[in-house]
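Working notes for the structure below.
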Amino acid sequence: MTSDRSSPLPFLPFALPEIGEDDIAEVVDTLRSGWITTGPKAKRFEADFKAWLGDGGDDTEGLHCIAVNSATAGLHLALEAIGIVPGDEVITTTHTFTATAEVVRYLGADVKLVDIAPATLNIAPAAVEAAITPRTKAILPVHYAGLAADMPAILEIARRHGLKVVEDAAHALPTTSAGRRIGTLASDATVFSFYANKTITTGEGGMLVTRDAALAKRAQIMRLHGMSRDAFDRFTATVPSWYYEIVAPGFKYNLTDIAAALGLQQLKKAHAFAQRRAAIAERYNAAFADLPVITAPTAPPGELHPWHLYVLRLGPEAGIARNAFIERLFEAGIGCSVHYIPLHLQPYWRDRYDLKPADFPASQQAYEQMLSLPIYSRMSDGDVDRVIAAVRGLLVRA
Ligand SMILES: *Cc1c(COP(=O)(O)O)cnc(C)c1O
């Protein structure tokens, strides 16, 4: 460690949630209410989430919002509900977190990993089309870092080949694609994450969104043990509160009211959080424009990009390798990370499907060059200055 006794700045973490007194008060209210697991607040969070998805004027008619205890759970429920079974294939990007793909394996189906477009780091539509086989059932795009994947192209490919589309929107709140809010597009389902470091947080949590009433019904039943209250005696108007039927071996994926309480307040601040992160991204992009780096991909003008991640790539002229660069930043008291080690390099995925880096040249190159810088609403302007100074200090030649 290079000791810097003159200015003992505290370590700047890579990510921190922004929890306000409003969030705390809402949680305390839940704790005092006597109802702490799934109940009135989870229901209100679902209703508020639907209203929020429509706050930009998009049509949310018929949209179902289903609160779950993680995005992983939501993706699992969505794939189960669209009927993914052993023998099926689901196409997704290698440039993602393993949660995107593992849910396909939960169902005994196979994952077809494909490469990204280097300009956006998002799944490449041409690679998707090339990977389609008679076994392909669905496409699972990820809006990497919060930048919308090329949804017009992906939805068109899906339509042409009769495939389902489930969006991994873990980073995409709020994101737009061709002016429309992610969550309201013509895909079969969209899943958001409220994990601790995501764009809003409930600690752990997620939201499954769909326009398909049958899909919503199935996901609601499977979210809680496969319990259904609809099967009760059809000749009686009311179902006794104690009565239920088990119609499938379901899961335990419901969101607690304690978590939903956080969600209710966090959601109100989603746009403010995104604006703050966008301002930081703008400063980074301007400050790094003259450096031997590839700055983070930006959204087309007028589109929303919530900047869950700021991914900097070191160009060949950087004169410092990515790993050493991260170490130097840590020594300067700045936390950073890598999102993600591509799935084709992970032992499980690599070995199961005999994957080679040469099959994913764009993701592989991005991986070798990239790091994620801190970008969160609690960062002060001084924190941002500090990151900029440290990055420039490592790359500006005298
Ligand atoms: C965080 C994340 C998930 C999983 O979200 P959880 O809510 O933690 O289950 C899935 N996909 C991507 C791309 C993520 O970043």
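First listed ligand is number 1; within each ligand, the first listed atom is number 1. Source: prediction; values computed, not measured.
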**Request:** Output yes when the distance from some N or O of ligand 1 to some N or O of A71 is under 3.5 Å, and no in every other case.
**Result:** yes
**Message:** Regarding ligand 1, does Y195 bring an N or O atom to under 3.5 Å of one of the ligand's N or O atoms?
**Reply:**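 So ligand 1 has no N or O lying under 3.5 Å from an N or O of Y195.
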Counting only pairs under 3.5 Å, give me each side-chain donor-acceptor contact of residues 289-300, with atom names and distances, residues two or more places apart or in other chains.
residue	atom	partner	partner atom	Å
D290	OD1	R392	NH1	2.8
D290	OD2	R392	NH2	3.2

**Request:** For atom 2 (C) of ligand 1, grab the closest protein heavy atom and report residue, atom and distance to one decimal in Å.
**Result:** K198 NZ, 2.7 Å
**Request:** Quick one: look up the protein heavy atom nearest atom 11 (N) of ligand 1 and list residue, atom name and how far away it is.
**Result:**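 The closest heavy atom on the protein side is D168 OD2, 2.7 Å.
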**Request:** For Y340 and ligand 1, answer yes if some heavy atom of the residue is under 4.0 Å from a ligand atom, otherwise no.
**Result:**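 True for this residue.
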**Request:** Measure T72 to ligand 1 on non-hydrogen atoms and call it side chain, backbone, both or neither using the 4.0 Å cut-off.
**Result:**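 The answer is both.
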**Request:** Can you establish whether the number of heavy atoms outside E156 located under 6.0 Å from its atom CD is more than 12?
**Result:**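 Correct, the count exceeds 12.
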**Message:** Both conditions, 6.0 Å and 45 degrees, for the charged tip of R322 above the ring of Y367: are they met here?
**Reply:**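 Yes, a cation-pi geometry holds between R322 and Y367.
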**Request:** Identify which of M207, H143, H171 has a heavy atom lying nearest to atom 15 (O) of ligand 1.
**Result:**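 Looking at heavy atoms only, H171 sits closest to atom 15 (O) of ligand 1.
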**Message:** I'd like to check Y353 versus L113 (side-chain heavy atoms, cut-off strictly below 4.5 Å). Are they in contact?
**Reply:**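 Y353 does not reach L113 side chain to side chain.
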**Request:** Measure from the ring center of H95 to the ring center of Y144 and say whether it is less than 6.0 Å.
**Result:**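 Aromatic pair counts; centres sit under 6.0 Å.
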